[in-house]
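First the structure, in the form of structure tokens, and then the observations on it.
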Amino acid sequence: MSESRISLFLVPTPIGNLKDITLRAIEVLKTVDIILAEDTRTSGILLKHLEISRPLQSYHIFNEHKAVEKLVERMRKGEVFALVSDAGTPAISDPGFLLVREVLSAGLEVQCLPGPTAFVPALVNSGLPNDRFVFEGFLPHKKGRKTRIDSLQEETRTLIFYESPHRLIKTLEQLGEAFGADRQACVSRELSKLHEENVRGSLAELIEYYESNPLKGEIVLVVAGKEEKKETREERQASKMEKWNKSE
Ligand code: SAM
């Protein structure tokens with residue numbers, strides 16, 4: 001799809017280290033008609049740093065339902081927009097999905113640029129299997145929280161959660177009750193920033209660690225899936241080998 005036919009670009013921005021902006025992200029942000037931003041002040045600072053001066057318009061969860069129709073109308077008339085969030089990839093635990101869906105159903109085209117997002121480095125840093133994984137985003141804070149956790153008890157794929165630091169211990173305890181306290185996990189904190197830290201261990205060990213090392217900053221929690229029967233993993237490995245052999 002040629003870039004000239006795109007009405008909406010989703011542009012990932014750094015999750016900490018400003019050097020993680022891509023050359024293409026800068027190019028797209030310099031050429032669109034309008035940049036939609038979750039927080040115009042936060043994005044304004046980044047854009048100033050990148051010497052980009054395009055008009056900024058606010059787009060966040062509190063106005064997105066109202067804003068979408070007007071935005072799509074403007075795209076129909078030929079205006080090209082970029083959507084950025086405060087950090088990372090728009091629409092990943094951030095506003096964007098609604099706009100993408102409406103732009104597509106209006107017969108227009110969207111393109112999400114590859115770029116920074118917190119869950120990929122957290123998953124890879126964890127050292128847990130990453131051939132199959134489930135991104136759970138934020139758990140519900142109250143209603144539905146236990147039901148959601150219980151629904152993951154039989155999940156064999158690696159689980160990824162976004163969590164706030166002040167809720168981490170409670171989450172580790174609740175996951176420990178549901179999955180068993182010896183389940184392996186990793187807490188990635190301040191990814192790409194000066195004080196990045198990846199702490200690996202069982203849920204019980206992580207609780208002990210964070211009880212004596214109070215947590216600050218942004219975090220991603222990665223938890224091993226339920227252990228599969230040995231044969232199942234071996235069988236999968238064997239069928240992978242078979243496929244490779246056939247393709248050679
Ligand atoms: N759109 C973003 C993305 O692509 O990852 C996620 C936005 S969500 C509102 C914010 C959450 O992402 C934080 O609460 C934290 O769980 C995670 N996060 C963002 N930046 C991070 C960082 N530098 N280190 C660890 N986690 C981070």
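Everything quoted here is computed from the prediction, not taken from an experiment. As the structure lists them, so they are numbered: ligands from 1, and atoms in each ligand from 1.
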*Decide whether Arg145 and Thr171 meet the rule of one side-chain donor and one side-chain acceptor closer than 3.5 Å.*
yes

*Is the side chain of Tyr162 donor-acceptor paired with the backbone N or O of Phe119 at a distance under 3.5 Å, no angle test?*
yes

*asked:* So that I can tick it off, tell me whether Lys193 and Glu218 are bridged by a salt bridge, with the cut-off set at under 4.0 angstrom between side-chain N and carboxylate O.
replied: yes

*If you draw a 6.0 Å radius around CZ in Phe133, do more than 12 non-hydrogen atoms from other residues or ligands fall strictly inside?*
no

*Any side-chain donor paired with an acceptor under 3.5 Å for Asn198 and Ser188?*
yes

_Exceeds 12 heavy-atom contacts within 6.0 angstrom, atom CD of Glu227_ = no

Could you pull out every N or O of ligand 1 that sits under 3.5 Å from a protein N or O, with the distance for each pair?
{"residue": "ligand 1", "atom": "1 (N)", "partner": "Ala87", "partner atom": "O", "Å": "3.3"}
{"residue": "ligand 1", "atom": "1 (N)", "partner": "Thr89", "partner atom": "O", "Å": "3.0"}
{"residue": "ligand 1", "atom": "1 (N)", "partner": "Ile92", "partner atom": "O", "Å": "2.8"}
{"residue": "ligand 1", "atom": "1 (N)", "partner": "Asp94", "partner atom": "OD2", "Å": "2.8"}
{"residue": "ligand 1", "atom": "4 (O)", "partner": "Thr89", "partner atom": "N", "Å": "2.9"}
{"residue": "ligand 1", "atom": "4 (O)", "partner": "Thr117", "partner atom": "OG1", "Å": "2.6"}
{"residue": "ligand 1", "atom": "5 (O)", "partner": "Thr117", "partner atom": "OG1", "Å": "3.2"}
{"residue": "ligand 1", "atom": "5 (O)", "partner": "Ala118", "partner atom": "N", "Å": "2.9"}
{"residue": "ligand 1", "atom": "5 (O)", "partner": "Tyr162", "partner atom": "OH", "Å": "2.6"}
{"residue": "ligand 1", "atom": "16 (O)", "partner": "Ile219", "partner atom": "O", "Å": "2.5"}
{"residue": "ligand 1", "atom": "20 (N)", "partner": "Glu218", "partner atom": "OE1", "Å": "3.3"}
{"residue": "ligand 1", "atom": "23 (N)", "partner": "Ile15", "partner atom": "O", "Å": "3.0"}
{"residue": "ligand 1", "atom": "23 (N)", "partner": "Leu191", "partner atom": "N", "Å": "3.4"}
{"residue": "ligand 1", "atom": "23 (N)", "partner": "Leu191", "partner atom": "O", "Å": "3.0"}
{"residue": "ligand 1", "atom": "24 (N)", "partner": "Leu191", "partner atom": "N", "Å": "2.9"}

